[in-house]
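Here's the structure, in structure tokens; my notes come after.
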Amino acid sequence: MRIYRYIIRKFWGPFFFALGIFTTLVVLGDIFEKMKNLSNGTTTVWDLLAYSACTFPNWLTTIMPVACLLGAISVISEMVSNGEWTACVAGGFAPKDLFKPIIACILAVVLGTMFVQEFIVPSLNLKANEIYYTRIKPADNFNPHIENNVVIKISPQEMLFAKQVDPLHGKMTQVSLDTYNDQWDISTQIIAQEMRWNPVTRTWTFEDGIERTFLTDMDTTETSFKTREAPFHTPPQKMAVSKAEDKLLSIRDLTTKINFYSQSGLAHYAAETTRQAKLATPFVTVVMCLLGMPFAISTRRKSKILNIIASLVIAFAFWWLISMATSIGQNGYINPYIAGWGPVLIFGLAVWGEFKWMKL
């Protein structure tokens with residue numbers, strides 16, 4: 001319908017305005033904070049610009065909900081102040097009908113944001129970390145594909161220790177496989193210089209090692225070997241040993257990490273909380289906007305400053321609750337599903353009560 005197309009066109013102006021302003025402020029603040037490293041002798045202005053370019057999509061997706069909220073409030077308040085809203089309602093349109101094109105715009109933004117978060121942001125974050133730890137704040141032996149001092153639980157009585165793990169090349173170095181008896185005394189130990197993945201046989205193989213058997217506390221036997229198949233069969237692509245922040249990982253990477261941690265007997269409630277929070281993100285944006293849109297109807301005077309203030313108050317209240325719930329869930333105090341979806345349900349009830357109260 002023509003009125004729907006009109007509302008959709010009006011939405012994008014304040015949306016892109018808010019997106020540009022907030023993202024610019026955040027990115028500039030991040031660049032200025034990193035400029036203190038210009039005096040270290042290795043960092044250049046181009047390094048800072050490259051780092052900023054790689055982190056820009058991540059900041060962009062973070063600001064999207066606020067931009068959607070400001071766009072929604074602005075288009076409604078402008079229609080109210082111009083009398084267009086009253087004319088539409090008098091012409092037979094219910095307020096919820098006029099909300100539909102705005103919600104359609106928000107859903108389009110949400111889908112685009114999720115695509116960027118899943119397929120663009122993770123790889124760019126890896127590049128940003130590489131720039132940061134090699135040019136801006138150099139770290140010795142930085143390698144984003146190698147993790148040091150990894151412990152993997154293979155079975156209830158088998159523990160695998162590796163000095164370095166490189167899933168990208170299917171390689172572990174300085175490996176020790178310890179097997180324990182029912183009393184948790186070590187019974188056998190395999191120590192190898194390396195352990196490599198064979199993609200043809202889909203097996204890990206110890207190389208250049210010894211097998212040590214503990215007969216008593218003071219008596220052991222040792223047998224050398226050149227190669228030996230390992231009892232660990234998880235493919236490198238399904239391993240998650242990186243210490244990258246969970247919030248910078250995609251949902252797919254988080255799922256791999258959770259499955260690997262579960263198989264290894266490691267706690268994974270932090271990663272599960274982050275995954276549920278990411279899955280709830282589309283609903284967070286929609287609910288946040290629905291919470292603010294009725295507010296705009298009650299604003300009879302056109303005021304961009306008031307719209308911005310209202311958007312920020314609603315957004316920060318939502319983010320505060322989400323941050324608190326996520327932090328509590330990541331520390332294991334509440335169920336990850338409650339931590340991820342609880343704020344959505346709470347504000348969803350607030351939206352339902354608001355719509356009932358305003359008879360929308």
Side-chain angles (χ1 to χ4, degrees), residues 11-35 37 43-72 104-137 139 142-145 168 240 242-257 271 273-286 288-289 311-312 315-316 318-319 322-323 326 340:
F11 171 85
W12 296 112
F15 168 79
F16 284 115
F17 171 80
L19 191 64
I21 292 295
F22 290 134
T23 305
T24 300
L25 291 175
V26 172
V27 170
L28 287 178
D30 190 44
I31 291 178
F32 287 139
E33 193 275 331
K34 298 294 188 301
M35 286 183 66
N37 295 289
T43 307
T44 66
V45 174
W46 290 111
D47 294 328
L48 294 179
L49 292 177
Y51 176 83
S52 176
C54 290
T55 57
F56 178 77
N58 185 48
W59 289 120
L60 201 64
T61 58
T62 303
I63 300 299
M64 284 293 186
V66 181
C68 285
L69 178 59
L70 183 59
C105 292
I106 294 170
L107 290 177
V109 173
V110 167
L111 291 176
T113 301
M114 291 195 68
F115 177 84
V116 172
Q117 285 181 330
E118 278 296 296
F119 300 102
I120 298 177
V121 169
S123 59
L124 288 179
N125 280 329
L126 287 176
K127 183 63 177 178
N129 282 340
E130 181 181 347
I131 295 172
Y132 184 78
Y133 289 111
T134 58
R135 301 295 302 168
I136 298 177
K137 193 174 182 179
F142 170 75
N143 190 326
H145 304 295
L168 183 65
S242 173
K243 290 184 179 179
E245 293 184 75
D246 289 345
K247 66 180 181 180
L248 300 180
L249 300 177
S250 66
I251 295 174
R252 293 168 295 119
D253 293 334
L254 284 169
T255 300
T256 298
K257 184 174 184 177
T273 298
T274 305
R275 181 172 68 166
Q276 295 306 317
K278 284 180 174 288
L279 289 172
T281 296
F283 300 91
V284 168
T285 304
V286 173
M288 182 190 298
C289 293
S311 300
L312 291 177
F316 281 115
F318 214 144
W319 279 342
I322 291 172
S323 298
T326 301

(message) Among residues at least two apart in sequence or on other chains, which ones pass side-chain contact (heavy atoms from CB on, under 4.5 Å) with A277?
(response) T326
(request) Check G340 against A280 and note the closest heavy-atom contact, atom names and distance. (result) O-CB, 3.5 Å
(message) So does G20 get a backbone contact from the side chain of T23, meaning a donor-acceptor N/O pair under 3.5 Å?
(response) no
(request) Return the set of residues passing side-chain contact (heavy atoms from CB on, under 4.5 Å) with T255 (not counting sequence neighbours), or none when no residue passes. (result) I251, N259, R275
(request) Could you pull out all residues at least two apart from V109 that satisfy side-chain contact (heavy atoms from CB on, under 4.5 Å)? (result) W12, F15, M64, C68, T113
(message) Can you tell me how far apart CG (L19) and CD1 (I63) are? Round to the nearest 0.5 Å.
(response) 8.0 Å
(message) If I compare all heavy atoms of I322 with all of V284, which pair ends up nearest, and what's the gap?
(response) CD1-CG1, 3.6 Å
(request) First locate atom OG1 of T55, then atom CG of L60, and finally report the distance between them rounded to the nearest 0.5 Å. (result) 11.0 Å
(request) Could you grab the distance from atom CH2 of W46 to atom CG of L48, nearest 0.5 Å is fine? (result) 11.5 Å
(message) Suppose we screen for ring-ring contact (aromatic ring centres under 6.0 Å, His included). Which residues come up paired with Y132, at least two apart in sequence or across chains?
(response) Y51
(message) Can you confirm whether V110 sits close enough to F283 that some side-chain heavy atom of one is under 4.5 Å from a side-chain heavy atom of the other?
(response) no
(request) Measure across P122 and V116 and return the closest heavy-atom pair with its distance rounded to 0.1 Å. (result) CD-O, 4.3 Å
(request) State, to 0.1 Å, how close P282 and L279 come at their nearest heavy-atom pair, and which atoms those are. (result) CD-O, 3.3 Å
(request) Examine distances only and state if a side-chain atom of D47 and a backbone atom of T44 form a donor-acceptor pair shorter than 3.5 Å. (result) yes
(request) Of all the heavy-atom pairs spanning R252 and E118, show the shortest one and how long it is. (result) NH2-O, 2.7 Å
(message) Going by the rule side chain to side chain donor-acceptor pair (under 3.5 Å), which residues pair with T274 if we only count those two or more places apart in sequence or in a different chain?
(response) Q330
(message) With a 4.5 Å cut-off on side-chain heavy atoms, are N58 and L124 touching?
(response) no
(request) Rounded to the nearest 0.5 Å, what's the gap from OG1 on T281 to CD on Q276? Could you check? (result) 11.0 Å
(message) Could you measure the distance from the CG atom of L49 to the SG atom of C54? Nearest 0.5 Å is fine.
(response) 11.0 Å
(message) If you compare all heavy atoms of L254 against all heavy atoms of K278, which two are closest, and at what distance to 0.1 Å?
(response) CD1-CD, 3.7 Å
(message) Let me confirm one number: the CD1-CG distance from I106 to L111, rounded to the nearest 0.5 Å.
(response) 12.0 Å
(request) Under the side-chain contact (heavy atoms from CB on, under 4.5 Å) rule, collect the residues that match up with T256, sequence neighbours excluded. (result) none
